[in-house]
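All values below come from the heavy atoms of this structure, side chains included, with hydrogens, waters and symmetry mates left out. Order of the sequence lines sets the chain letters (A, B, ...), proteins ahead of strands, with each chain counted from 1.
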Amino acid sequence: MLNKEIIFSILIAFLISFSILLLVNLLYNNDNSNNAATQNIIPLQFSNNTLIGDRQMDRDGTLELQSIFFSKWFDLNEKKIFILGSSEVKAINTTQVHEYLLYNDRNYTVYNLAIPADRPESRWNTNSLELIIETKPEIILYGISYRDFMDALPNVQSSNKPTNSPLPDPSRMLPEIYFKLKSYTNNNLEFLDNPKLVTLSLIKSEGRTFLGVKNPADGALAEPGTIIPYPNAIFKVNHADITTLSDQQLKNHFFIHGVEFNGISVPWENPHVISFEKIIDKLGQNNIKVIVFTTPKSKYYLNSMPVSEKEHFDSILDDISKKHHVKIYQTLWDKYKNLEVWSDPTHVSINSDGLIYSTDIAKIILNETNP
Amino acid sequence: MLFNTLDFVIFFIAVCTTLVIVKNRNFQYLFLLGASYFFFYYTSNYLITLLIFTTIWDFYLGKAIFNAQTIQRKKIILIISLAGNLGLLGFFKYADFAITQFNILGQHFDLSTQIPLLNLALPIGISFYTFHSITYTVSIFRGQMPPAKSFVEYGIFVAFFPQLVAGPILRAKDFLPQLREKIENFEVGTRLRQIVIHNQNLKIGVTIMAIGFLKKMFFADNIAPLVNDVFNYPIGMDSFTIILGAIAFGIQIYCDFSGYTDIAIGAALVLGLKIPINFNKPYFATSPSDFWRRWHISLSSWLRDYLYIPLGGNKKSKTRTYLNLAIVMFLGGLWHGASWNFVIWGMLHGAYLAVHKFILDRFPILEGHRFFKNKIGTILSIFVTQYFVFLAWIAFRVKDTNDMLYSMQKYILLDFQIKDTSTFMLTQKYAIALMILFLALSYITYKKADLLEKIANYRLRYWAIFLLIISLTILFFYEGNPENFIYFQF
């Protein structure tokens, strides 16, 4: 006969531990909201959660950081510039841009809000745009590239899970229930998305600095494996991002990993182009100046890009520029193609080698602003 | 379905509850088979058809082998069975790999045609369930067991959910008799054994599962960021960073895989079924052969019984023995995945085993020498063995040949640069703290081998406190996104 006491012990152990987690989270959240007379952390909601592995982890981590960032108090009188885009704009050093502008009599605080693997459609589907508008930046600098409009990103499907099956997928059931439960409880169960984040923050706030974690209230939460490259960089960087490859290494990287040109469907059917236009419109309606620039690429990328794809991409940008009266800078696209500034064929390295990128961005801003 | 998700917890509780409530033996087994298929379908959808195909294929061919009158006929049927299993495995797992190699070769010979890749979804656990099936037909062929008495029993053997996707690799002759009531002199009784959850099995099973969850969700998943940071792009890193990464990966893969195995063993034990252990403190191995007696034991013993011995084992010439070791480990590496890094990992271990055997053959005095029996000798043996084991882990983890060569070179030829390593360590304090904690706990369990049993025999209130501590640790350090088990890809 099964001993009910054993079952009871298991249940009690789990219930107590879950209650403690709940309690700690409640106390910690209260403590935080009292201390930082500010706001609740507004989680960035996002869709298209189909990335895998490190890319998904980078993206999730960045969204967490940016949720914390937007929960800070902002001086609405401060003149702010936000840099948006995918990981291809991560190398824009906000300090460098700020100092260059300051030297030329423009006093702006610059924030880099790159999100790894981001594309206009996913940006549009988050609530980040509302949060950006609320903080009232003066200028948005949006880095765009071919991949942002491309029809399908490489490696977005798990190789183990068959897709397009006509059979029902029971594995979706529980997440759906969980999401409903979360919205029913006004996102009070949000901490269950990542209890470790709360734990590490708590440990830090209790002075356990040896675990190397900063307080989220500081606005820059450094999780293990994270390097914050410069102030106001609201994303995660790993070792590969800050390493400049030699030309041979870059060539090897290109031949091993390759790049994909999957085509861009016509603008009126392309959700990314449509979303990008909506973003420009919405920012414009809120009196935020939008400057678009194409992100730089290495020679290996550029040499492998079919001419027709480049022409198609350019024509889409031309149309957007004319339709929405937005200036699109294409000067950086191939400017550094022969320089040794790359961490891979599409990313400028986030170190002193890549500072030229930041200087050029500062020049673009300078061109668009008055002292 | 991942073990480290709420989905599995709910599923497992539902299965146990149903089996406790419904006592009818036929229903219990039918339900267990249905639950196992649901478990597989949950993550693999229509790929379940391959599992069912394998099961039907070998169930009937097993009977045919048993009923065949001549050895010649038995052999032919066995070959058909093997062809079906290995054909399926080869097609789904290795077809694209083979096509890629063929295309690369074609480029060398200036062939303008390229064979397009098939881009097939890799069915989870296919390497495991095909090996299960092979043990069944081979055991019948060898006269070690009669065929399963019913399709349901055989279906459970192949698809039993705790071990379905990542082992341990079961032997039919060990597992199937457990489903029957009496086992006397290898003869099983005629009635199906009723599935009853016994108190002691429940306590030990849950204890083992808790340890498994801790290994996977606390250690493996939290050490993974360090490993990713080192090996996602290792070029440019210092020797000590690479070494740190290799050690971290060794710990991560051990906690990941042995964590999975613990959950599997524990879950099976709750249901009253025993599946063999797969790990026995591998990082305390004192030689390469000792390592393979401790690491992924079900695979190494499978390779020994179904490959090494049929190849001649050590019964032929010495050179042939070394060659057999190399062949077996080459195929063992390939079994892990259709990629050169797994092949290189296997070949490295093959080389370790062959060289170790060669040294012992050449200097027989070393074997059993009293130096290697004392403390210093044992510690030295452990360090030397693990140095090579962790070197091979680099090949396993790094996907790119240049990254692999660079990392291995840095691992072997130390550059004694510590500046970047110390900066790197500062960003990874949390993972490093976990690594140290893991090593300390490993040492304790090495010294106290029966610790798990002792915990399971604690008085109920202390046992509950143990569970509380484990669940608190897991809950508080859970990242939210359940990480896949590394061995799911095989």
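Just one of B:Asn199, B:Ile13, B:Ile197, B:Leu202 meets the side chain to side chain contact (heavy atoms under 4.5 Å, CB included) condition when paired with A:Ile7; it is B:Leu202.
Contacts of A:Ser349 classified as side chain to side chain donor-acceptor pair (under 3.5 Å), with partners at least two apart in sequence or in another chain: A:Thr244, A:Asn351.
Only the side chain of B:Ile10 comes within contact range of chain A, with at least one heavy atom under 4.5 Å from a heavy atom of that chain. For a residue to count as touching a neighbouring chain, one of its non-hydrogen atoms must lie under 4.5 Å from one of that chain's; by this rule B:Phe38 touches chain A with the side chain only.
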Which atom pairs, one a donor and one an acceptor, fall under 3.5 Å between side chains of residues 467-477 of chain B and the rest of the protein, sequence neighbours left out?
{"unit_1": "B:Ser471", "atom_1": "OG", "unit_2": "A:Ser17", "atom_2": "OG", "d": "3.0"}
{"unit_1": "B:Ser471", "atom_1": "OG", "unit_2": "B:Leu467", "atom_2": "O", "d": "2.9"}
{"unit_1": "B:Ser471", "atom_1": "OG", "unit_2": "B:Leu468", "atom_2": "O", "d": "3.2"}
{"unit_1": "B:Thr473", "atom_1": "OG1", "unit_2": "B:Ile469", "atom_2": "O", "d": "2.6"}

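The structure places CD1 of A:Ile10 at 10.0 Å from NZ of B:Lys203, a figure rounded to the nearest 0.5 Å. The distance from the CD1 atom of A:Ile12 to the CG atom of B:Leu460 is 11.0 Å, given to the nearest 0.5 Å.
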